[in-house]
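Values reported hereafter were calculated over all heavy atoms of this structure, with side chains retained and with hydrogens, waters and symmetry mates removed.
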Amino acid sequence: MSGRGDLGRTLALFRRFSAGQRRAFVAAAMMLALEAATAVYQPTLLGALINFLKDHRSWSIAGFTPAPGTTIQVLALAIIAVTAVNSLADSLAEISLAKCGRAIGYNLRVALFGHLQKLSLAFHLRRRTGDVLTRITSDVQALEEFVVNSVSDLAGSFLLLA
């Protein structure tokens, strides 16, 4: 039961500190979905090319069947286009998530340093200043790195499986 409470608190904190970044998160999610769709479709195109070269099986998409003499060129262009869209979607998702991660880190730092200023003088006398600042800085940096690096991998893998 405590796991749900922790998850709820974690999501509430992300919601609080990601204010103003929701569009960027949605854009990143859309780009990750497009990347997953193109990653799934790439092997289909390669399989169609191999089947055409091996057995001269025709290939069609949405009612369009290229002429036998141009099938290889059309499939090669389709493979290149799908790969380019996949790479572009991945890059745009990474850029968007990096922007979101930096904004969350900034908002979190502002809140933490504001909280530190409100603490009593006795608290600051008991703690070494360098330790508190180092801990805050490294923890926020770890959160930023998680958003930038791990969220795209987790969400992309989940979308690919779906």
Query raised in the report: Are Leu143 and Val140 grouped together when hydrophobic residues (ILVMFWY) are joined by side-chain heavy atoms under 4.5 angstrom apart?
Result: yes

Report summary line: Separation between CG (Leu46) and CG (Asn51), nearest 0.5 Å, reads 11.0 Å

Query raised in the report: Counting only N and O atoms by type, is there a donor-acceptor contact under 3.5 Å from the side chain of Ser96 to the main-chain atoms of Ala24?
Result: yes

**Report entry** Salt bridge Arg109-Glu144, side-chain N to carboxylate O under 4.0 Å
**Finding:** yes

Report summary line: Tightest non-hydrogen contact, residues Leu159 and Ala33, listed as CD1-N, 3.5 Å

Report task. Report the distance from atom OG1 of Thr134 to atom CD of Gln141, rounding to the nearest 0.5 Å. Result -> 11.5 Å

Report summary line: Value for CD1 (Ile136) from NE2 (His115), rounded to nearest 0.5 Å, stands at 8.5 Å

Requested in this report: List the atom of Gln73, the atom of Gly69, and the distance in Å for their closest heavy-atom pair.
Outcome: OE1-O, 3.2 Å

Query raised in the report: Just wondering, are more than 12 heavy atoms of other shown residues or ligands nearer than 6.0 Å to CZ in Phe113?
Result: yes

Query - Same cluster (ILVMFWY, side-chain, under 4.5 Å), Leu77 and Leu53 - result: no

Query raised in the report: Does the side chain of Phe64 come within less than 4.5 Å of Val74's, by heavy atoms?
Result: yes

Query raised in the report: Is it true that Phe52 and Val82 fall in one hydrophobic cluster, defined by side-chain heavy atoms closer than 4.5 Å?
Result: yes

**Report entry** Nearest-0.5 Å distance that lies between atom CG in Leu75 and atom CD1 in Ile72
**Finding:** 8.5 Å

Requested in this report: For the pair Ser157 (side chain) and Leu154 (backbone), establish whether a donor and an acceptor sit closer than 3.5 Å, ignoring hydrogens and angles.
Outcome: no

Query raised in the report: Honestly curious: do Phe17 and Phe146 fall in one hydrophobic cluster under the side-chain, below-4.5 Å linking rule?
Result: yes

Requested in this report: Would you give the length of the straight line joining atom CZ of Arg22 to atom SG of Cys100, rounded to the nearest 0.5 angstrom?
Outcome: 11.0 Å

Query - Minimum heavy-atom distance between Ala67 and Thr71, given as atom pair plus value - result: O-OG1, 2.9 Å

Query raised in the report: In Å and rounded to the nearest 0.5 Å, what is the CG to CZ distance from Asn107 to Arg102?
Result: 13.5 Å

Query raised in the report: Are Leu34 and Leu88 close enough that some pair of their side-chain heavy atoms sits under 4.5 Å apart?
Result: no

Query - Side chain to side chain, Met31 and Glu94, heavy atoms closer than 4.5 Å - result: no

Query raised in the report: Just by modelled atom types, is the Ile79 backbone N or O under 3.5 Å from a matching donor or acceptor in the Thr83 side chain?
Result: yes

Requested in this report: Check whether Tyr106 and Leu116 end up in the same hydrophobic cluster, where Ile, Leu, Val, Met, Phe, Trp and Tyr are linked by side-chain heavy atoms less than 4.5 Å apart.
Outcome: no

Report task. May I ask you to test the Leu112-Leu108 pair for a side-chain heavy-atom distance under 4.5 Å? Result -> yes

**Report entry** pair Phe25-Leu97: side-chain heavy atoms closer than 4.5 Å
**Finding:** yes

Requested in this report: Would you indicate whether the side-chain heavy atoms of Asn86 and Gln42 approach each other to under 4.5 Å?
Outcome: yes

